[in-house]
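As structure tokens, the structure follows; a few thoughts come after it.
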Amino acid sequence: MTLIDAHAHLSFFNEAQLTAIFQKAQQQGISGWVMAGYDLPDWRQQQNISKQYSNIKMSFGLHPWQVLALKDDEIEAQMRELSVMLPQAQACGETGIDGFRTEEPALLAKQRDIFLRHLELNKSLGLPLVLHIVKAHDDSIALLKQYSYRGIVHGFSGSWETAKRYISLGYKISLGRGIYQKGFKNLKET
């Protein structure tokens with residue numbers, strides 16, 4: 001069986017940590033990685049890492065948390081750079097809407113706008129998506145129905161009914177650490 005870590009932020013680690021991560025992964029039979037995009041410095045670091053390791057797939061996107069953290073001019077600058085760099089990646093994202101980090105309508109609308117911009121930017125490339133969707137499934141699924149992309153809904157913690165809606169659109173469901181933590185009843189039932 002081939003095991004691939006489908007949602008890794010390897011760019012968050014230094015060289016010594018990466019060496020240890022790759023050694024442990026090899027022992028556990030993990031043979032490939034999909035790095036999930038976070039922001040411009042992350043995309044550049046992904047490029048450096050992928051030059052050193054052949055079993056890495058890059059994914060560039062502006063994470064919904066960064067949409068909340070960055071100023072509007074910084075978001076615009078990073079989205080311009082994303083339009084240049086995205087053709088070098090194997091996937092688009094991390095992108096989506098996170099209704100757990102904020103419930104403020106204006107901030108959710110901002111995340112939604114950037115999510116839509118990712119979807120539009122990816123039109124000519126058709127790359128798989130790495131989605132970060134939390135407490136915003138109905139809105140996100142409605143948007144995704146307008147595009148014929150495939151990809152991964154990572155760290156999924158919703159119901160079986162919601163998972164089936166993503167699956168019917170061609171997405172894979174990735175389970176995060178919630179599967180072994182206290183709570184997360186819906187996820188465990190799913």
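Residue indices begin at 1 and follow the sequence shown.
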Under a 4.5 Å cut-off applied to non-hydrogen side-chain atoms, are [X] and [Y] in contact?
X: Thr19; Y: Phe13; result: no
X: Asp98; Y: Leu68; result: no
X: Gln66; Y: Gln78; result: no
X: Asp39; Y: Glu74; result: no
X: Thr95; Y: Arg117; result: no
X: Tyr166; Y: Ile133; result: yes

How long is the span from the [atom1] atom in [X] to the [atom2] atom in [Y], to the nearest 0.5 Å?
X: Ser140; Y: His132; atom1: OG; atom2: NE2; value: 10.0 Å
X: Gln45; Y: His9; atom1: CD; atom2: NE2; value: 13.5 Å
X: Met35; Y: Gln47; atom1: CE; atom2: CD; value: 9.0 Å
X: Ser50; Y: Asn48; atom1: OG; atom2: CG; value: 7.5 Å
X: Ile56; Y: Gln90; atom1: CD1; atom2: CD; value: 10.0 Å
X: Ile114; Y: Leu119; atom1: CD1; atom2: CG; value: 11.5 Å

Quick one: closest heavy-atom pair of [X] and [Y], and the distance?
X: Ile152; Y: Ser174; result: CG2-CB, 3.5 Å
X: Phe60; Y: Leu86; result: O-CD1, 3.6 Å
X: Leu40; Y: Glu81; result: CD1-CG, 3.3 Å

If only atom types and distance count, is the side chain of [X] paired as donor or acceptor with the main-chain N or O of [Y] below 3.5 Å?
X: Gln111; Y: Pro64; answer: yes
X: Trp33; Y: Asn55; answer: no
X: Asn122; Y: Leu125; answer: no
X: Arg150; Y: Leu169; answer: yes
X: His118; Y: Leu62; answer: yes
X: Gln23; Y: Ala20; answer: no
X: Tyr149; Y: Lys123; answer: yes
X: Ser59; Y: Gly93; answer: yes

message: For Lys164, give me all partners under side-chain hydrogen bond (donor to acceptor under 3.5 Å, both in side chains), at least two apart in sequence or on another chain.
response: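 Here the qualifying residues are Glu161.
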
Give a yes or no on whether [X] and [Y] share a hydrophobic cluster (residues Ile, Leu, Val, Met, Phe, Trp, Tyr; joining criterion: side-chain heavy atoms under 4.5 Å apart).
X: Val130; Y: Tyr147; value: no
X: Ile4; Y: Leu127; value: no
X: Leu107; Y: Ile75; value: no
X: Ile30; Y: Val34; value: no
X: Leu116; Y: Leu108; value: yes

- request: Compute the ring centroids of His137 and Phe156, then answer whether they are less than 6.0 Å apart.
  value: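 Ring-ring flag for His137/Phe156: true, centres closer than 6.0 Å.
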
- prompt: Got a sec: does the NZ of Lys57 have more than 12 other heavy atoms crowding it under 6.0 Å?
  reply: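 Result for NZ/Lys57: open.
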
task: Take atom CD of Glu103 as the centre, draw a 6.0 Å sphere, and report whether it contains more than 12 heavy atoms from other residues, nucleotides or ligands.
output: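 Atom CD in Glu103 is not packed in, count stays at 12 or less.
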
Evaluation steps, side chain to side chain contact (heavy atoms under 4.5 Å, CB included), between Val67 and Phe115: CA-CA 10 Å; Val67 173; Phe115 182 28; over 6 Å; no

- prompt: Under a single-linkage rule joining Ile, Leu, Val, Met, Phe, Trp and Tyr whose side-chain heavy atoms are separated by less than 4.5 Å, which residues share a cluster with Phe100?
  reply: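 Joined to Phe100, directly or through intermediates: Val134.
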
task: For Gln46 and Asp42, test the side chains for any donor-to-acceptor distance below 3.5 angstrom and give the result as yes or no.
output: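 On atom types as modelled, these side chains qualify, holding a pair under 3.5 Å.
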
- prompt: Parallel, tilted or perpendicular for His154 and His7, by the 30°/60° rule?
  reply: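 Taking His7 first and then His154, their aromatic rings lie parallel (interplane angle under 30°).
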
task: Mind telling me whether Tyr38 and His63 have parallel, tilted or perpendicular rings, with 30° and 60° as the class edges?
output: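 Geometry flag for Tyr38 against His63: tilted rings.
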
